[in-house]
Amino acid sequence: MRHALPRVAAGLFLLLGTVAAPPAQGAAPAGCAGLRGTAVPAPAIGLPTRGGEVTGAVDVPGTAALGAYCRVELAVRPVDPAAPDITVRIGLPAEWNRKAVMFGGGGYDGAVPDVAGNVPFGPAGGGTPLARGYATFASDSGHRSAAADPSLDGSFARNDEALRNFAGDALKKTRDAALYVIGKRYGGPPARAYFAGGSTGGREALAVAQRWPRDFDGVISAYPAWNAASLDLFFGYEAQVLARPGAFLNRAEQRLLYDRVVAACDGDDGLRDGVISDEAGCRFDPRVLRCRGRADRGDDCLSDRQIRAVRALSSRFTWPYRLASGETGYPGFPFLSGADMTTPRLGMGSTAPADPMPETSGYGVRFWDQWVKHFVTRDPEHAALSLDPRRPGPWRERISALSALQDVNDPDLRPFAAAGGRLLLLHGTADELVSHRSTVAYAERMRKVVGHRAVDRFARFYLVPGANHANVEAAFAAGWDSLGALDTWVERGTAPAHPVVTDNSPAGHGRTRPLCAYPAWPRYTGGDPDRAGSFRCVR
């Protein structure tokens with residue numbers, strides 16, 4: 001469904017986004033050191049700022065894996081003097097292919113992604129965009145964090161401009177400022193520009209396609225938290241559920257559940273290889289793990305309270321009030337069909353949620369804690385568990401307003417397609433932090449609004465069995481040259497055909513599988529179980 005409020009906002013962003021362009025082709029190139037002190041005029045940036053300035057530029061010598069490049073530090077000044085700068089980093093290769101890639105962030109951002117790094121689900125063994133001759137750039141989305149984990153620091157959101165930057169404005173400001181500097185360095189703008197991001201970066205990838213459809217020739221959106229406020233509300237529900245007495249599963253019980261789910265559903269695709277290929281067809285009933293007497297009796301069974309908690313987190317959560325974004329719920333996680341609660345940092349943690357929130361609790365509930373304190377109440381002392389996402393009381397209107405900022409949910413990508421844009425959308429079916437079911441919902445909306453045939457002309461959506469959030473100890477640590485596939489599609493008009501994904505984990509030994517376009521999944525048909533040719537995409 002198309003919602004009026006976000007669409008109006010997108011139109012406003014488009015209007016502002018036509019203000020300026022980088023230096024014209026043919027201008028005299030600048031040396032790396034000569035970029036220091038370069039001023040980026042405010043009119044060169046399509047949203048209000050006080051302009052920008054290159055604060056540093058150094059030559060980085062080449063290595064066996066990465067050629068020589070110029071590393072540029074750039075500060076984009078806010079309109080509000082109390083707001084932080086947007087810190088931008090740019091990698092300018094000595095051997096430039098006249099193309100550029102912008103990287104998205106993760107979590108609450110707060111740090112600049114590695115411009116020498118790879119795209120989400122990228123291939124192993126080097127071959128990063130910068131090493132391949134792309135100029136690369138990224139930003140902290142408008143705030144720097146000194147926290148041990150910047151992605152879990154939401155304190156910036158107490159400033160309105162910093163909040164708007166994180167919600168999306170920094171994407172336009174970063175892109176325009178970076179392209180201005182790229183034009184200065186090489187004497188002209190890139191012939192092609194791409195965006196790649198996962199999680200928050202995946203949301204950002206969809207944001208640029210929706211709001212500024214002419215800014216990028218193609219985007220890679222991996223495991224996108226596109227309905228960010230809705231996900232935050234689910235995290236709040238998760239915190240409430242797991243904080244109930246006796247509901248939390250310890251590490252051993254989390255592992256017990258995962259192992260039994262895999263044992264029950266792994267062979268449904270014709271091969272027992274530790275990967276559940278048909279996630280939607282997995283129907284595991286956690287009651288088979290019920291303790292005798294239904295109470296907690298140790299690590300080899302689950303109590304009724306734990307079973308109810310797992311079922312709740314595996315099911316759709318809805319709220320009985322209207323959000324400005326139009327979202328009505330979040331679909332829950334595949335904990336009963338292949339997601340592993342025990343994954344380091346991103347899983348359920350080893351401690352139940354509480355006030356104050358323990359650092360050993362799960363990533364999602366800690367994310368909620370920060371959202372309550374800094375986005376919703378703007379009170380760092382507010383107890384996160386005291387705010388019930390089902391009945392938020394006086395905070396309902398504030399939550400609704402945040403949904404309009406954070407939920408990037410317009411499925412009408414026809415302007416992006418009309419501008420020649422191409423979209424690769426990817427999500428692992430074992431994701432424990434951003435549910436692949438929400439990405440399925442977005443893809444279905446897009447097909448409904450745009451039309452199946454029209455979507456197939458500019459977009460591909462792949463679900464990756466066994467892949468989890470950011471490839472952290474995944475059953476299948478997916479790797480694919482999505483950037484090469486996207487570039488070929490844009491440059492030659494050739495869409496990906498029969499792509500193959502590689503397991504980059506040490507235990508995977510380079511095994512491959514077909515990358516099946518949704519709703520298909522790979523079924524084993526016989527032959528070498530480590531080769532993609534032994535599988536067929538089926539529905």
Side-chain angles (χ1 to χ4, degrees), residues 231 234-269 272-318 329-344 346-353 361-365 389-390 427-438 440 463 465-469 472-476 521:
L231 177 57
F234 187 94
F235 286 154
Y237 175 62
E238 178 183 350
Q240 299 262 330
V241 168
L242 294 178
R244 295 169 185 162
F248 187 77
L249 284 70
N250 65 31
R251 288 288 197 186
E253 291 161 337
Q254 294 170 24
R255 173 55 58 185
L256 169 70
L257 175 65
Y258 175 73
D259 288 345
R260 291 292 295 273
V261 169
V262 172
C265 298
D266 180 12
D268 291 351
D269 58 0
R272 288 200 170 273
D273 59 351
V275 176
I276 297 174
S277 294
D278 181 18
E279 181 277 332
C282 180
R283 299 284 187 270
F284 180 78
D285 186 347
R287 288 180 299 181
V288 301
L289 297 175
R290 175 181 277 166
C291 298
R292 286 188 300 172
R294 302 186 178 187
D296 193 347
R297 291 183 176 273
D299 296 344
D300 58 352
C301 64
L302 300 181
S303 70
D304 277 10
R305 291 180 179 181
Q306 291 170 323
I307 290 171
R308 284 194 295 269
V310 169
R311 279 183 159 170
L313 301 183
S314 304
S315 305
R316 181 173 178 80
F317 169 60
T318 58
Y330 196 81
F333 286 82
F335 293 131
L336 295 177
S337 50
D340 187 354
M341 297 177 175
T342 70
T343 52
L346 301 178
M348 197 166 286
S350 58
T351 307
S361 291
Y363 191 98
V365 298
R390 293 161 295 186
H427 209 136
T429 61
D431 198 314
E432 69 284 78
L433 191 63
V434 175
S435 178
H436 75 282
R437 297 168 186 167
S438 72
V440 168
L463 289 178
N468 65 1
H469 204 79
V472 178
E473 295 191 6
F476 193 100
W521 50 272

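Residue numbers count from 1 along this sequence.
Between D431 and A339, the shortest heavy-atom contact is O-CB, 4.0 Å. Of all the heavy atoms in A430 and G338, the pair that sits closest is CB-O, 3.5 Å. The shortest heavy-atom contact between P344 and V472 is O-CG1, 3.8 Å. Of all the heavy atoms in V275 and F476, the pair that sits closest is CG2-CB, 4.2 Å. Nearest approach of D269 to S277, heavy atoms of both residues: OD2-OG, 2.6 Å. When every heavy atom of S438 is checked against every heavy atom of P331, the shortest pair comes out as N-CG, 3.5 Å.
Looking only at side-chain heavy atoms (C-beta outward), L257 and Q306 stay at 4.5 Å or farther from each other. The closest side-chain heavy-atom distance from T429 to I276 is not below 4.5 Å. Side chains of L463 and H436 form a contact here, defined as non-hydrogen atoms less than 4.5 Å apart. Considering only heavy atoms from C-beta on, S435 comes within 4.5 Å of Y330 through its side chain. Counting only heavy atoms from C-beta outward, the side chains of E432 and M341 never approach each other to under 4.5 Å. In this structure the side chain of V365 never reaches within 4.5 angstrom of the side chain of M348, judged on heavy atoms. Between I307 and L289, every side-chain heavy-atom pair lies at or beyond the 4.5 Å cut-off.
Atom CG of residue L433 and atom OG1 of residue T343 lie 8.0 Å apart, to the nearest 0.5 angstrom. Separating the CZ atom in F284 from the SG atom in C265 is a distance of 8.0 Å, to the nearest 0.5 Å. Annotation: the span from D259 atom CG to D266 atom CG amounts to 11.5 Å, rounded to 0.5 Å. Atoms CG and SG, from D300 and C291 in turn, are 7.0 Å apart once rounded to the nearest 0.5 Å. Between the CD atom of E473 and the CG atom of L346 there is a distance of 10.5 Å, given to the nearest 0.5 Å.
Atom CZ of R290 has more than 12 heavy atoms from other residues, nucleotides or ligands within 6.0 Å. Surrounding CZ of R287 are at most 12 heavy atoms belonging to other residues, nucleotides or ligands under 6.0 Å away.
Not one N or O on the side chain of R260 forms a donor-acceptor pair closer than 3.5 Å with the backbone of P286. When atom types are taken as modelled, the side chain of R305 and the backbone of L302 share no donor-acceptor pair closer than 3.5 angstrom.
For the residue pair Q254 / T342, no side-chain donor-acceptor distance below 3.5 Å is found, with atom types taken as modelled.
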- [ ] For side-chain contact (heavy atoms from CB on, under 4.5 Å), just list the numbers for H427 and V434, CA-CA rounded to whole Å, side-chain angles, deciding distance to a tenth of an Å, and then say yes or no.
- [x] CA-CA 9 Å; H427 209 136; V434 175; 3.7 Å; yes
Task: Working for side-chain contact (heavy atoms from CB on, under 4.5 Å), residues F234 and L313 - done: CA-CA 9 Å; F234 187 94; L313 301 183; 4.3 Å; yes
TODO: Quick one: do R255 and D340 satisfy side-chain contact (heavy atoms from CB on, under 4.5 Å)? Show the steps, please.
DONE: CA-CA 8 Å; R255 173 55 58 185; D340 187 354; 3.1 Å; yes
Task: From CA spacing to verdict: side chain to side chain donor-acceptor pair (under 3.5 Å), D296, S303 - done: CA-CA 5 Å; D296 193 347; S303 70; 5.4 Å; no
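With sequence neighbours excluded, no residue satisfies salt bridge (charged side-chain N to carboxylate O under 4.0 Å, His left out) with R297. With sequence neighbours excluded, the residues satisfying ring pair (Phe, Tyr, Trp, His ring centres under 6.0 Å) with H469 are Y223. Checked against ring pair (Phe, Tyr, Trp, His ring centres under 6.0 Å), F317 has the following partners two or more places apart in sequence or in another chain: Y237, W319. For R437, the salt bridge (charged side-chain N to carboxylate O under 4.0 Å, His left out) partners are E279, not counting sequence neighbours. Residues satisfying the salt bridge (charged side-chain N to carboxylate O under 4.0 Å, His left out) test with D273, not counting sequence neighbours, are R513.
Annotation: side-chain hydrogen bond (donor to acceptor under 3.5 Å, both in side chains) contacts involving residues 239-252, sequence neighbours excluded, comprise N250-D299.
For F235 and Y363, the distance between ring centers is not under 6.0 angstrom.
Salt bridge present: D285 and R311 bring a charged side-chain N and a carboxylate O closer than 4.0 Å.
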